[in-house]
Asks: 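A single structure is presented below for examination.
Residues take their numbers from the sequence shown, with the count starting at 1.
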Amino acid sequence: MATSAVPATIAALLAALRAAPELAEVRVIDGPPPSTNFSEADRLYVGWSPGAEQAAEIQQSFAGAGARTRDEDASISCYVETREGAGDMAWCRDHVFDLLAVVEYLLRATNENPTAPTLGGAVLWSELTAGSLVQEQGPNGAYAGLGFTVRTRARI
């Protein structure tokens with residue numbers, strides 16, 4: 001029996017993102033950046049956001065009388081970023097929000113995928129919540145990054 005659903009949740013989220021055809025050109029990374037070599041134009045991190053002190057936060061409570069099961073609410077830090085060499089900030093900003101839209105859609109129940117919010121049964125539900133945009137212009141062009149949180153509820 002697991003004491004937390006967070007490891008399985010992160011694994012399921014990574015698998016869903018890596019399988020999304022719309023993210024085929026995006027490097028999906030588990031945790032913090034593995035290097036400072038940013039040759040890819042687009043990156044998406046699960047379990048990391050710049051300046052965040054935690055990869056995920058959890059809160060648990062008894063699910064009912066008898067204390068046999070627990071409900072776990074988790075918030076997973078994530079970050080998506082894009083770079084554009086010509087310095088077109090509007091394009092960069094629009095593109096980073098387009099990438100975020102793919103993540104949000106993967107977590108949304110649809111007629112084609114009614115169980116999407118459960119991340120393959122890893123959680124009872126998941127949703128994209130908070131976001132925070134950063135923008136920079138530098139010698140290598142424009143950069144936009146968007147920190148966001150995936151919130152979940154699981155029964156353990």
Asks: Which of parallel (below 30°), tilted (30 to 60°) and perpendicular (above 60°) describes Tyr45 and Tyr79?
Replies: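 Ring orientation of Tyr45 relative to Tyr79: tilted.
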Asks: Under a 4.0 Å N-O cut-off, is there an ion pair linking Arg155 with Asp71?
Replies: yes
Asks: Measure from the side-chain N and O atoms of Arg83 to the backbone N and O of Glu40, and report whether any donor-acceptor pair falls under 3.5 Å.
Replies: no
Asks: Residues in side-chain hydrogen bond (donor to acceptor under 3.5 Å, both in side chains) with Thr82, at least two apart?
Replies: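 Residues passing side-chain hydrogen bond (donor to acceptor under 3.5 Å, both in side chains) with Thr82: Asp42.
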Asks: Considering all heavy atoms of both residues, which atom of Arg18 and which atom of Asp30 are nearest to each other, and what is their separation?
Replies: NH2-N, 3.8 Å
Asks: If only side-chain N and O atoms count, and only distance matters, is there a donor-acceptor pair under 3.5 Å linking Glu81 with Tyr143?
Replies: yes
Asks: Check Pro114 against Ala109 and note the closest heavy-atom contact, atom names and distance.
Replies: O-CB, 3.5 Å
Asks: Quick one: are Trp125 and Leu107 in side-chain contact, heavy atoms under 4.5 Å?
Replies: no
Asks: Who pairs with Trp91 by ring-ring contact (aromatic ring centres under 6.0 Å, His included), at least two apart in sequence or on another chain?
Replies: His95
Asks: Can you confirm whether Arg108 sits close enough to Pro117 that some side-chain heavy atom of one is under 4.5 Å from a side-chain heavy atom of the other?
Replies: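 A side-chain contact is absent here, since even the closest heavy-atom pair is not under 4.5 Å.
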Asks: Just to verify, what does Glu84 make a side-chain hydrogen bond (donor to acceptor under 3.5 Å, both in side chains) with, not counting sequence neighbours?
Replies: none
Asks: Within the structure provided, determine whether Ile58 and Asp73 are in side-chain contact (heavy-atom separation under 4.5 Å).
Replies: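 Counting from C-beta outward, Ile58 and Asp73 never come under 4.5 Å.
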Asks: Is there a side-chain contact between Leu13 and Val150, using heavy atoms and a 4.5 Å cut-off?
Replies: yes
Asks: Are Ile29 and Val46 packed together at the side-chain level, in the sense that at least one heavy-atom pair is separated by less than 4.5 angstrom?
Replies: no
Asks: Below 4.0 angstrom, N of the basic side chain to O of the carboxylate: do Glu72 and Arg70 qualify?
Replies: no
Asks: So Leu44 and Leu23, do their side chains get closer than 4.5 Å, heavy atoms only?
Replies: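 Answer yes - side chains close enough.
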